[in-house]
J.: 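Please see the structure below; I have some questions.
Computation of the quantities below employed the complete heavy-atom set of this structure, encompassing side-chain atoms and omitting hydrogens, waters and symmetry-equivalent molecules. In this text the structure is predicted, and so the values were computed from the model without any measurement. The first residue in the sequence is number 1, and the count goes up from there.
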Amino acid sequence: MSGQVLPYFARGKVIKGFGRGSKELGCPTANFDEEVVNNLPEDLNTGVYYGFGQVNGGQVHKMVMSVGWNPFYHNSKKSMEVHLLHKFECDFYGEELRIVILGFLRAEKNFASLEELIKAIEYDIMMAKNALEEPENAVFISNPFFS
């Protein structure tokens, strides 16, 4: 992936996804609509990224995001699924989500089992938390994009 596309800022409405993030994976995600997905830079590869996100001008939280077709689930449409590292009391469908993508964790891949996928997600979250503590990333919490 070309480093020139990062940091990448995006915003859009949260839409209903496939409904499996919370239920199957224990990892609730906020999905962007097609317009946001279709506007991604062409050289932003599919895979797992980290950065910061904000719902409706609220607090800025660390996030992990999957971009792609989710081979484990054989999706036919490319998606951007954002997992904010914060416990929200309720869904925020229709709300505005703003994100900044700061780094790449791994390429999109298939998994032999749901358990393997869940382990990979847990590892991605740990790696993202660590990377976002780095001073060059942490400064983005107060980026004017989020105000």
J.: Search all heavy atoms of Val14 against all heavy atoms of Ala30 and return the closest pair with its distance.
T.: CG1-CB, 4.0 Å

J.: How close do Trp69 and Lys78 get, heavy atom to heavy atom, and via which atoms?
T.: NE1-N, 3.4 Å

J.: Compare all side-chain heavy atoms of Asn31 with those of Lys16 and state whether any distance is below 4.5 angstrom.
T.: no

J.: Does the side chain of Tyr50 reach to within under 4.5 Å of the side chain of Met127, using non-hydrogen atoms?
T.: no

J.: Heavy atoms, side chains only, cut-off 4.5 Å: are Phe52 and His61 in contact?
T.: no

J.: Run Ile121 and Val48 through side-chain contact (heavy atoms from CB on, under 4.5 Å) and show every step you take.
T.: CA-CA 9 Å; Ile121 291 169; Val48 180; over 6 Å; no

J.: If you compare all heavy atoms of Pro7 against all heavy atoms of Leu102, which two are closest, and at what distance to 0.1 Å?
T.: CB-CD2, 3.7 Å

J.: Let me have the donor-acceptor pairs involving side chains of residues 137-147, under 3.5 Å, with sequence neighbours excluded, atom names and distances please.
T.:
from	atom 1	to	atom 2	distance (Å)
Asn137	ND2	Ala131	O	2.8
Ser142	OG	Val139	O	3.2
Asn143	OD1	Phe145	N	2.8
Ser147	OG	Pro144	O	2.8

J.: Identify the heavy atoms of Glu81 and Thr29 that sit nearest to each other, and give their distance.
T.: OE1-OG1, 3.6 Å

J.: Donor-acceptor pair, distance only, cut-off 3.5 Å: does the side chain of Glu96 make one with the backbone of Arg11?
T.: no

J.: Hydrophobic cluster membership, with links at side-chain heavy-atom distances under 4.5 Å among I/L/V/M/F/W/Y: are Val67 and Phe104 in one?
T.: yes

J.: Are the side chains of Met80 and Ile99 in contact, using a 4.5 Å heavy-atom criterion?
T.: yes

J.: Kindly work out whether a path of hydrophobic side-chain contacts (I/L/V/M/F/W/Y, heavy atoms less than 4.5 Å apart) joins Ile125 to Tyr123.
T.: yes

J.: Mark yes or no for whether Asp33, through its side chain, and Glu35, through its backbone, hold a donor-acceptor pair below 3.5 Å.
T.: yes

J.: If you round to the nearest 0.5 Å, how far is CG of Leu114 from CD of Glu116?
T.: 10.5 Å

J.: Let me check something: do Ile15 and Val55 share a hydrophobic cluster, defined by ILVMFWY side-chain heavy atoms less than 4.5 Å apart, either directly or through other members?
T.: no

J.: Under a single-linkage definition using a 4.5 Å side-chain heavy-atom cutoff for Ile, Leu, Val, Met, Phe, Trp and Tyr, are Val36 and Phe92 assigned to the same hydrophobic cluster?
T.: yes

J.: Lys13 and Gly94: which non-hydrogen atoms are nearest, and at how many Å?
T.: CD-O, 3.0 Å

J.: Write down the atom of Val5, the atom of Tyr8, and the distance for their closest heavy-atom approach.
T.: O-CB, 3.3 Å

